[in-house]
Trainee: 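Next up is a structure, given as structure tokens.
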Amino acid sequence: MDDLRRVRYFLAVAEHRHFGRAAEALHITQPALSQQVKALEKELGVELLARTGRGFVMTPAGLALQAGAQQLLSAAADLERTVRARASGTAGELKVAFTRSGSDSDISQRIRSFRKEFPDIDVSTITGWTSWNLDLLESGEVDVAFVRGNIAHPRVETHLIGLQEAAVVVSKGHPLAEKDAVEIGDIVDEPIVLWSRQTGPDFYDELVSHIWGDGAPNLVAEESDAEQVLDLVSSGTGISVLDRKRATRIAHENIVVIPFGTNPPQIAIQIAWMRGSDAPALAHFLEWWRRA
């Protein structure tokens with residue numbers, strides 16, 4: 001059936017059992033309706049309506065078409081809605097990569113809100129670190145990633161969504177633990193435990209430059225994530241500088257989180273995606289995020 005409009009016309013005739021009333025409901029003339037039904041019969045090569053002097057009766061072929069016509073039209077309407085939704089980005093798939101700190105923050109709540117508002121978009125998530133998330137973007141394994149730091153990548157676009165303040169973390173037995181706030185000068189010569197630079201080179205370099213300028217930290221250990229950093233801090237290996245919000249959340253009883261008194265390092269949290277990506281769900285997500 002090349003023209004579903006003719007199926008709609010036939011279904012109206014079958015439901016009203018009268019050409020005149022069906023034509024009135026369809027807002028077309030009765031001769032035009034009759035012509036369209038005859039064209040459908042010709043296309044199918046069957047008689048759908050057996051004309052009588054007083055009107056018509058449904059043939060077995062007509063009854064069969066009537067039984068399946070509404071399902072056919074509903075399926076066509078559903079398909080049209082799906083196609084339009086995919087094109088507009090309100091349906092489809094969106095693969096998201098969190099950073100370890102980002103997944104602890106308000107970002108997770110925003111993603112939950114997006115899922116609720118757009119249930120036809122299948123949102124899947126994974127959690128890693130900034131450099132790995134950028135690799136996932138480049139390989140096409142994710143559509144959008146949350147990253148830390150001011151990313152310098154020729155193929156990646158970013159959108160700043162917030163700043164997170166960094167703080168100093170020390171063990172309870174450390175001399176700085178009694179302070180309500182610390183200054184950069186208080187820590188520049190301290191033994192330092194940091195996460196591995198390879199997990200987020202841009203942010204790592206920004207932090208080191210902010211605190212130590214052209215110098216370098218007295219780095220005594222590097223670990224893959226904040227939990228391991230805190231374990232070494234707790235053991236007295238050194239002190240560290242971490243995202244204040246996350247450090248406060250995951251710090252155990254032997255850890256003290258101390259804010260900077262002035263000029264605290266600020267951690268940029270950004271959305272990142274591949275430059276030139278034309279994925280409709282991604283474009284819709286970015287527009288929604290900026291609007292919301």
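Both backbone and side-chain heavy atoms feed into the values below; hydrogens, waters and symmetry mates do not. Since we're looking at a predicted model, the values are computed, not measured.
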Trainee: For a 4.5 angstrom cut-off between non-hydrogen side-chain atoms, does Val182 reach Val170?
Mentor: no

Trainee: Are Ile184 and Val193 co-members of a hydrophobic cluster defined by side-chain heavy atoms under 4.5 Å apart?
Mentor: yes

Trainee: So, are Glu227 and Arg246 salt-bridged, with charged N and O less than 4.0 Å apart?
Mentor: yes

Trainee: Which heavy atom in Gln109 sits nearest to a heavy atom in Arg112, and how many Å separate them?
Mentor: OE1-NH2, 2.9 Å

Trainee: Decide side chain to side chain contact (heavy atoms under 4.5 Å, CB included) for Val46 and Leu65; before the verdict, give the C-alpha distance in whole Å, the side-chain angles of both, and the deciding distance to 0.1 Å.
Mentor: CA-CA 11 Å; Val46 299; Leu65 180 58; over 6 Å; no

Trainee: Over all heavy atoms of both residues, which pair between Leu160 and Ile269 is shortest? Give the atoms and the distance, please.
Mentor: CD1-O, 3.6 Å

Trainee: Is the cationic atom of Arg148 (NZ for Lys, CZ for Arg) positioned less than 6.0 Å from the six-membered ring centroid of Trp195 and within 45 degrees of its normal?
Mentor: yes

Trainee: Taking side chain as C-beta onward, heavy atoms only, is Trp212 less than 4.5 Å from Ile192?
Mentor: yes

Trainee: Would you mind telling me which of Asp231, Val233, Leu232 makes a side-chain contact (heavy atoms from CB on, under 4.5 Å) with Val229?
Mentor: Val233

Trainee: How long is the span from the OG1 atom in Thr248 to the CG atom in Leu242, to the nearest 0.5 Å?
Mentor: 10.0 Å

Trainee: Roughly how far apart are Gln266 CD and Arg244 CZ, rounded to 0.5 Å?
Mentor: 10.5 Å

Trainee: Tell me the closest heavy-atom pair linking Trp288 and Glu117, and the distance in Å.
Mentor: NE1-OE1, 2.9 Å

Trainee: Would Ile121 and Glu93 count as a side chain to side chain contact (heavy atoms under 4.5 Å, CB included) if you check the C-alpha gap in whole Å, the side-chain angles of each, and the deciding distance to 0.1 Å?
Mentor: CA-CA 5 Å; Ile121 297 180; Glu93 183 180 12; over 6 Å; no

Trainee: To the closest 0.5 Å, what do you measure between CD1 (Ile271) and NE2 (His159)?
Mentor: 5.5 Å

Trainee: Taking all non-hydrogen atoms of both residues, which atom of Ile255 and which atom of Ala251 are closest, and how far apart?
Mentor: CG2-CB, 3.7 Å

Trainee: Considering only heavy atoms from C-beta outward, does the side chain of Leu207 approach that of Leu194 to under 4.5 Å?
Mentor: yes

Trainee: Does Ile107 reach the side chain of Ile161, with side-chain heavy atoms less than 4.5 Å apart?
Mentor: yes

Trainee: Indicate yes or no: at least one non-hydrogen side-chain atom of Trp132 is less than 4.5 angstrom from one of Thr199.
Mentor: no

Trainee: Do His16 and Glu24 have side-chain atoms, one donor and one acceptor, less than 3.5 Å apart?
Mentor: no

Trainee: Spell out, as yes or no, whether a donor-acceptor pair under 3.5 Å connects the side chain of Lys172 to the backbone of Glu253.
Mentor: yes

Trainee: What is the minimum heavy-atom distance between Ala272 and Thr158, and which atoms define it?
Mentor: CB-CG2, 4.0 Å

Trainee: Just verifying a value: how many Å separate Thr127 OG1 and Asn133 CG, rounded to the nearest 0.5 Å?
Mentor: 8.0 Å

Trainee: Just by distance, do the side chain of Ser171 and the backbone of Gly236 share a donor-acceptor pair under 3.5 Å?
Mentor: no

Trainee: With rounding to the nearest 0.5 Å, note down the distance linking OG1 in Thr59 to CG in Leu49.
Mentor: 6.5 Å

Trainee: Could you see if Leu44 belongs to whatever hydrophobic cluster contains Tyr9? Use Ile, Leu, Val, Met, Phe, Trp, Tyr and a side-chain cutoff under 4.5 Å.
Mentor: yes

Trainee: Do you reckon Val144 sits in the same ILVMFWY cluster as Ile111, going by side-chain contacts under 4.5 Å, direct or chained?
Mentor: yes

Trainee: So, Gln164 side chain and Ile267 main chain: donor-acceptor pair closer than 3.5 Å or not?
Mentor: no

Trainee: With a sphere of 6.0 Å drawn around CD of Glu138, does it hold more than 12 non-hydrogen atoms of other residues, nucleotides or ligands?
Mentor: yes

Trainee: How long is the straight-line distance from CD of Glu206 back to CG of Asp202, given to the nearest 0.5 Å?
Mentor: 6.5 Å

Trainee: Search all heavy atoms of Pro191 against all heavy atoms of Val220 and return the closest pair with its distance.
Mentor: CB-CG1, 3.6 Å

Trainee: Taking a hydrophobic cluster as the set of Ile, Leu, Val, Met, Phe, Trp and Tyr residues connected by side-chain heavy atoms closer than 4.5 Å, whether directly or through intermediates, do Val241 and Leu163 fall within one such cluster?
Mentor: no

Trainee: Would you say Gln35 has more than 12 foreign heavy atoms packed within less than 6.0 Å of its CD?
Mentor: no

Trainee: Does Val123 belong to the same Ile/Leu/Val/Met/Phe/Trp/Tyr cluster as Leu136, with side-chain heavy atoms less than 4.5 Å apart forming each link?
Mentor: no

Trainee: Quick one: does Arg197's side chain get under 4.5 Å of Asp205's, heavy atoms only?
Mentor: yes

Trainee: Take Arg115 and Thr125 through the side chain to side chain contact (heavy atoms under 4.5 Å, CB included) test and state the conclusion after the steps.
Mentor: CA-CA 12 Å; Arg115 279 182 166 132; Thr125 63; 3.7 Å; yes

Trainee: Can you confirm whether Val256 sits close enough to His174 that some side-chain heavy atom of one is under 4.5 Å from a side-chain heavy atom of the other?
Mentor: no

Trainee: Does the separation of the ring centres of Phe118 and Phe285 fall below 6.0 angstrom?
Mentor: no

Trainee: Only one of Phe146, Trp273, Phe114 forms a ring pair (Phe, Tyr, Trp, His ring centres under 6.0 Å) with Trp289, so which one is it?
Mentor: Phe146

Trainee: Are any of the side-chain heavy atoms of Val147 and Val156 separated by less than 4.5 Å?
Mentor: no

Trainee: Walk me through it: do Leu48 and Gln66 pass the test side chain to side chain contact (heavy atoms under 4.5 Å, CB included)?
Mentor: CA-CA 9 Å; Leu48 299 171; Gln66 182 186 18; over 6 Å; no

Trainee: Is atom CG of Asp180 surrounded by more than 12 heavy atoms (other residues, nucleotides or ligands) closer than 6.0 Å?
Mentor: no

Trainee: Give a yes-or-no answer on whether the side chains of Thr262 and Glu183 include a donor-acceptor pair shorter than 3.5 Å.
Mentor: yes

Trainee: Other residues, nucleotides and ligands only: do more than 12 of their heavy atoms fall within 6.0 Å of CG on Asn218?
Mentor: yes

